[in-house]
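So the structure is just underneath, and the comments pick up after that.
Quick caveat: nothing in here was measured; it's all calculated off a predicted structure.
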Amino acid sequence: MKLKRHELKDPKKWEEMGIKLPQFDIDKVIDETKKNPRWVHFGAGNIFRGFIAMLQQTLLNKGLADSGIIAVESYDFEVHDKIYVPYDNLGLLVIMNSDGTLEKEVVGSISDILLADPSNKENWDRLNEIFSNPSLQIVSMTITEKGYNLKDFAGNFIKEVMEDIEAGPENPKNVVSKLVSLVYSRYKKGEYPLALVSLDNFSGNGERLYSAVMTIAEEWANKGFVDKGFTQYLNDPSKISFPLTMIDKIVPRPHELVKKSLEEKGLEDMNIIKTSKNTVIAPFVNAEKAQYLVIEDKFPNGRMKLEEAGVLLTDKETVEKVERMKVTTCLNPLHTALAIYGCLLDYKTIADEMKDDCLRKLVEKIGYVEGMPVVINPKVVDPEEFIKEVIEVRLPNPYMPDTPQRIATDTSQKMGIRFGETIKSYIHRSDLEVNDLKFIPLVIAGWCRYLMGIDDEGNHMDLSPDPLLNDLKSHVSNIRLGDVDSVKDNLKPILSNKEIFGLDLYEVGLGEKVESYFKELISGTGAVRNTLKKYLEC
């Protein structure tokens, strides 16, 4: 059996393999989507197929929608060529339950995939046609937090953005420039309304998207490439909205054990592929069962009944509370702590780390003890229940092949949100003392230790990708394991960097504490383990 559309015509075979099929006519949905596109999504990777596309599939299964979702890939075109086209745009979602069972379902809601590439005239023309259609309601995206960064560390436009600004909207290279160019086509066609929805996992995603879109639009307007009225259109909430969202579902890279299980059931061509741009993807997506999506209910051209697919639609303030609860306390900081110390202690999975008494205590201290006091209950999600599920069910799930090395990616971009915001809350709250923080500074010190690229046994350790990696490594390059005196002032450029932490750790009284922990962590081989034992009494 192969994951092809014609193979779905024999549902009994799929049923025998324990695989659920779409409960709608895929061909009819594709035809309707061509005529009346309603949802376009930028970023055709694992989180899209494993979560977002399944929202529309749920609505289609219930008879609450009649069109599919159009995937757009703007970064790694091999995803289009190797994972979508050979499988008729179908995917296979594999939910990995904590008891070891697998729930399998064919993803059939993706009606088309297009390349956001002006040099591909057919695809680019089709995208402009879709964006010009009054029926389009939602353009969402998962392009990672880096995708919204138009400037480099020094505050200058990155090369491709600068080239786009100078060249105008005809042949954009940057993903945000491509989006703005397509929205401009919509504006010219009739100023039709549209919701631009960031579903990327970071704070203030809607505002960041708005800022990036407006930056490109204003630069083009100033140079005469677009009408002045275009920026007014983008600033009119009755025409264009940028809803705030909070998304949460762990979707790790496809795992060999899942591939093997599927092949043993009789599925062919389930190969895991690593593209030339280091995207790891397969025809299947393995993911945890738990998922949350909270969206500010601002859709000027209407929307499908997302609440019937489990999405929480609410106001901006509530989304902010849920997002802050998750990103600054109940999940993301715990993930980052496990990523850092998991790499140093040579762990290969998050689940194995949660069997480590010291690491489990570390995340409990960060979440329950230091984080929970600053959480505001958003009401739509209970913080105590959420963090309990994270610590007791989600992170320890032995069948979730998530790795500390994956989560350690882009840590410099995460520190300010995952830890800096809690530190700020301690500073501003009269009933809390920032100097009482012990475990958050210990994680920051662990990150500096991680940047040395040497594990706790003194062996070389590969560091995960990070846009600031070369600069960060340069500051710790003269620090030697076992030589506390070599620390000197080398950490100061990192710990005082407000771009990283959102504040200067020395100014708030934590810089010296982090340095003190760091010196203990580099005192010799085994020092990471000994330091954790000392402060966590494990």
Side-chain angles (χ1 to χ4, degrees), residues 20 39 41-59 69 71 91-98 101-105 107 109-110 140-145 197-203 205 243-255 258 280-282 284-295 306-313 319 322-327 329-336 338-339 349-351 378 380-383 385-403 406-407 409 414 417-418:
K20 183 180 176 183
W39 192 347
H41 183 85
F42 279 72
N46 293 327
I47 187 69
F48 166 65
R49 292 184 300 150
F51 189 1
I52 297 153
M54 289 303 296
L55 298 175
Q56 190 69 353
Q57 174 131 326
T58 299
L59 298 180
I69 189 166
L92 184 68
L93 172 61
V94 181
I95 298 296
M96 308 180 77
N97 295 313
S98 57
T101 58
L102 302 178
E103 297 176 33
K104 302 177 284 289
E105 182 172 358
V107 184
S109 60
I110 305 168
S140 56
M141 55 212 66
T142 47
I143 57 174
T144 78
E145 187 169 1
V197 188
S198 170
L199 295 176
D200 279 296
N201 180 21
F202 62 90
S203 297
N205 50 19
L244 196 64
T245 72
M246 189 288 289
I247 188 168
D248 178 25
K249 187 178 183 73
I250 299 172
V251 184
R253 289 175 172 179
H255 199 274
V258 178
V280 180
I281 200 163
F284 64 90
V285 176
N286 41 236
E288 66 172 343
K289 193 176 187 73
Q291 62 184 40
Y292 299 85
L293 180 56
V294 188
I295 303 181
L306 293 168
E307 62 273 19
E308 295 292 334
V311 179
L312 298 172
L313 282 302
V319 180
V322 178
E323 189 270 340
R324 189 175 182 87
M325 175 203 79
K326 179 228 170 194
V327 174
T329 302
C330 293
L331 176 58
N332 296 40
L334 316 187
H335 244 162
T336 294
L338 290 171
T349 72
I350 294 297
V380 295
V381 179
D382 182 87
E385 291 180 7
F386 185 92
I387 195 170
K388 183 179 180 183
E389 181 187 42
V390 167
I391 291 176
E392 296 183 10
V393 179
R394 299 174 67 183
L395 296 179
N397 184 345
Y399 301 99
M400 275 292 291
D402 214 356
T403 68
R406 181 189 79 88
I407 297 166
T409 301
K414 303 169 182 175
I417 298 301
R418 300 188 180 190

CD1 on I247 to CZ on F202, rounded to 0.5 Å
11.5 Å
Side-chain (S140) to main-chain (V197) donor-acceptor, under 3.5 angstrom:
no
I'd like to check N332 versus K326 (side-chain heavy atoms, cut-off strictly below 4.5 Å). Are they in contact?
yes
Steps toward side-chain hydrogen bond (donor to acceptor under 3.5 Å, both in side chains) verdict (E103, N97):
CA-CA 8 Å; E103 297 176 33; N97 295 313; 3.1 Å; yes
Taking side chain as C-beta onward, heavy atoms only, is L293 less than 4.5 Å from F51?
yes
After noting the C-alpha distance and the side-chain angles of L199 and M141, does the key distance pass the side-chain contact (heavy atoms from CB on, under 4.5 Å) rule?
CA-CA 6 Å; L199 295 176; M141 55 212 66; over 6 Å; no
How long is the gap from OG on S98 to CE on M400, to the nearest 0.5 Å?
11.0 Å
I need the minimum non-hydrogen distance between Y399 and N397, along with the two atoms involved.
N-OD1, 2.9 Å
Indicate the atoms forming the closest heavy-atom contact of I350 with L395, along with that distance.
CG2-O, 3.8 Å
What are the two closest heavy atoms between P254 and N286, and how far apart are they?
CA-OD1, 3.2 Å
Using the side-chain contact (heavy atoms from CB on, under 4.5 Å) rule, take L331 and D248 through it: C-alpha gap first, then chi angles, then the decisive distance, then the call.
CA-CA 9 Å; L331 176 58; D248 178 25; 3.0 Å; yes
If you look at every heavy atom in N205 and S198, which pair is closest and at what distance?
CB-OG, 3.2 Å
Spell out, as yes or no, whether a donor-acceptor pair under 3.5 Å connects the side chain of E105 to the backbone of L93.
no
Within a strict 4.5 Å, meaning less than it, do heavy atoms of the E288 and I95 side chains meet?
no
Is a side-chain N or O of T336 found less than 3.5 angstrom from the main chain of P333, in a donor-acceptor match?
no
Check the side chains of S203 and E323 for a donor-acceptor pair under 3.5 angstrom, ignoring hydrogens and angles.
yes
Quick one: are I110 and R49 in side-chain contact, heavy atoms under 4.5 Å?
yes
Any sub-3.5 Å donor-acceptor pair from D200's side-chain atoms to E145's backbone N or O?
no
Taking the side chain as every heavy atom from C-beta outward, state whether V319 and I295 have any atom pair closer than 4.5 Å.
no
Counting only N and O atoms by type, is there a donor-acceptor contact under 3.5 Å from the side chain of T58 to the main-chain atoms of M54?
yes
Working to the nearest 0.5 angstrom, can you tell me the gap between I250 CD1 and I47 CD1?
10.0 Å
Test of understanding: with side-chain contact (heavy atoms from CB on, under 4.5 Å), list the residues that count as partners of L312, not counting sequence neighbours.
V294, V380, V381
What is the distance from atom CD1 of I407 to atom NZ of K414, rounded to the nearest 0.5 Å?
7.5 Å
Take D402 and R394, measure what salt bridge (charged side-chain N to carboxylate O under 4.0 Å, His left out) needs, and give me the verdict at the end.
CA-CA 11 Å; D402 214 356; R394 299 174 67 183; over 6 Å; no
I need the N46 CG to K249 NZ distance, nearest 0.5 Å.
12.0 Å
For the residue pair Y292 and F386, is the inter-centroid distance of their aromatic rings smaller than 6.0 Å?
yes
Provide the closest heavy-atom pair for A290 versus E389 in the form atom of the first, atom of the second, distance.
CB-OE2, 3.9 Å
Evaluation steps, side-chain contact (heavy atoms from CB on, under 4.5 Å), between V107 and L92:
CA-CA 6 Å; V107 184; L92 184 68; over 6 Å; no
Mind listing the closest non-hydrogen atom pair of P383 and P378 along with its distance?
CG-CD, 3.9 Å
Does some side-chain heavy atom of E307 sit less than 4.5 Å from a side-chain heavy atom of V311?
no
Nearest-0.5 Å distance, CD of residue Q57 to OG of residue S109:
5.0 Å
